[in-house]
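First listed ligand is number 1; within each ligand, the first listed atom is number 1. These numbers come from a predicted model, not from an experiment. We use all heavy atoms of the structure for the numbers below, so side chains are in, but hydrogens, waters and symmetry mates are not.
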Amino acid sequence: MDNNKQRHDEAVAIANNAVFAAAAELQGQQDPYRPKYHFTAPANWINDPNGLIYYKGAYHLFYQHHPYSTKWGPMHWGHARSEDLIHWKHLPIALAPSEPYDEGGCFSGSAVEHEGMLKLIYTGHAPDRSPKQVQCVAMSQDGLHFDKAAANPVIAAPPAEGSQEFRDPKVWRSGDEWYMVVGTEKDGIGKVVLYRSTDLMEWSYKGTLLESDGSKGSMWECPDLFFLGEQALLVLSPMDMGDRKNCNIVIMGECRLEDASFTERGWMDLDYGTDYYAAQTLRAGDGRRIVIGWMDMWGASEPSARYGWTGCMALPRELTMLEDGILRIHPVAELQLLRGSSWQLSELQTTKDGLSLADSVHTQLCAEILIELDLEQTTAEQLGIGIRCSADGQEETLLTYNKSNGRLTLDRSRSGEGDTSSSSCLVPFDEVNKGILQLHVFLDSSSIEIFINDGRAVMTSRIYPKLESRGMRLFAVNHGTVVLKSLMGWHLEVEGKDRM
Ligand code: FRU
């Protein structure tokens with residue numbers, strides 16, 4: 001066996017043992033925060049989703065992983081497989097740092113199928129070397145065990161237009177060629193550069209595809225370029241955008257790969273919440289474009305670390321373009337497989353005293369709830385929905401909609417442990433259903449995802465309430481009435497999740 005392979009196999013074996021031992025320790029513990037249907041690692045730290053691919057009849061999810069602790073450290077690639085994007089089976093760690101060029105970690109990247117093999121393209125990170133970030137390839141015959149290419153790094157230095165911050169290659173095939181976008185920056189301006197190859201090993205530099213106009217952040221992490229019909233979409237995770245530290249956006253426009261040009265037509269937040277980052281897309285077996293993001297954020301306080309794990313993935317979401325040129329972000333249809341017992345309410349009216357929306361028969365910890373509010377009939381200036389409310393009224397996550405400025409706000413100031421910052425967005429309405437505010441809410445043990453007006457905007461946050469805080473109420477803030485058109489709720493849970 002050559003040394004390169006032996007070193008990597010050993011590093012992977014040690015990491016697998018560590019994560020197995022850590023997961024075994026967590027078995028049977030009472031953990032109020034472990035998600036019941038969102039993806040988490042068996043134990044310890046995870047961040048970005050990597051290498052999302054539909055390969056030989058199954059979905060593969062790799063992820064940034066530190067198998068040795070609940071904190072970020074030298075990055076490995078964790079690995080899981082699923083037939084339906086919902087039920088994931090944990091697989092052995094795919095990549096571990098083992099070579100001088102990735103001694104500081106195997107950073108984010110993507111996966112492709114080539115010559116019958118599953119190939120991973122990732123960033124080798126070595127902070128004590130120069131350049132510190134280079135692009136590398138690893139391949140597998142069986143989809144489980146990966147060998148690093150002897151020719152690594154396949155891109156050994158950033159282009160002159162970039163800098164040492166040069167990472168997160170996303171590779172895809174177009175015609176007979178492979179393209180790669182990589183995130184970088186120069187003098188505090190985030191940008192995406194483009195490369196082309198015929199064999200994944202030799203790459204020619206095509207130029208800067210797009211860069212910030214000064215308002216979109218200092219470094220562009222995790223770029224992903226794809227097309228929905230004629231429309232090109234560039235998903236990015238900018239750092240230092242406006243007053244936000246990190247956020248996840250999508251820029252829409254026209255892209256010509258031949259001359260590395262991208263003409264921007266508009267942009268939006270891929271998610272308006274506090275905990276969504278580093279999203280990556282894949283093409284499903286049936287052609288759908290699916291996006292998965294890291295449901296957490298750099299600098300978050302991470303109360304779940306006490307229970308031996310940190311970070312999870314947001315729900316897989318399908319991306320489509322609506323006829324009016326608006327991007328629709330919708331929970332994948334497969335999620336309906338999880339629907340258990342249900343409850344329903346319709347045509348109810350409430351005032352500031354509030355109306356209970358939770359049926360006591362069902363636990364409201366893990367649920368899908370589809371709420372329609374009739375704004376035309378609602379006389380209150382502002383309405384509120386309390387979620388995961390404690391019986392004594394001390395704890396609740398508050399969603400408010402203000403009719404006068406059209407903003408929906410998610411207030412975590414009384415959500416329990418963890419961060420207390422709020423987020424908000426201007427609600428986009430469907431022209432035909434202008435008077436209806438539709439909120440499609442997914443609650444798990446420590447998260448809330450809200451799909452607004454049929455996926456015209458999404459807001460995702462982590463929340464850490466007490467296990468007993470399960471109430472839900474609808475009320476008018478101050479004066480007037482609020483009219484609930486309908487509510488459908490389903491209990492959601494993946495049986496046997498995280499059983500190794
Ligand atoms: C994004 C990111 C990537 C990097 C990885 C390291 O969250 O900072 O740019 O590859 O995380 O874990």
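Protein heavy atom closest to atom 12 (O) of ligand 1, with residue, atom name and distance, is Gln64 OE1, 2.7 Å. In terms of protein heavy-atom proximity, atom 8 (O) of ligand 1 is nearest to Glu221 OE2, 2.7 Å. Among all non-hydrogen protein atoms, the one lying nearest atom 9 (O) of ligand 1 is Asp168 OD2, 2.7 Å. Of all protein heavy atoms, the one lying nearest to atom 2 (C) of ligand 1 is Asp48 OD2, 3.4 Å.
Counting heavy atoms under 4.0 Å from ligand 1, residue Asn47 touches it through the side chain alone.
Ring orientation note: the planes of Trp298 and Trp72 are nearly perpendicular, at an angle over 60° on the 30°/60° scale. Between His76 and His66, the angle of the ring planes lies from 30° to 60°, which puts this pair in the tilted group. Between Phe62 and Trp77, the ring-plane angle classifies as tilted under the 30° and 60° cut-offs.
Taking the six-membered ring for Trp and the full ring otherwise, the centers of Phe442 and His38 sit at least 6.0 Å from each other.
In summary, the side chains of Arg388 and Thr397 do not present any donor paired with an acceptor at a separation below 3.5 Å, with no hydrogens or angles considered. Ser261 and Asp259 share a donor-acceptor pair across their side chains, judged by distance under 3.5 Å alone.
For ligand 1, the atoms closer than 4.0 angstrom to any heavy atom of Met75 are 12 (O). For ligand 1, the atoms lying closer than 4.0 Å to a non-hydrogen atom of Tyr277 are 1 (C), 7 (O).
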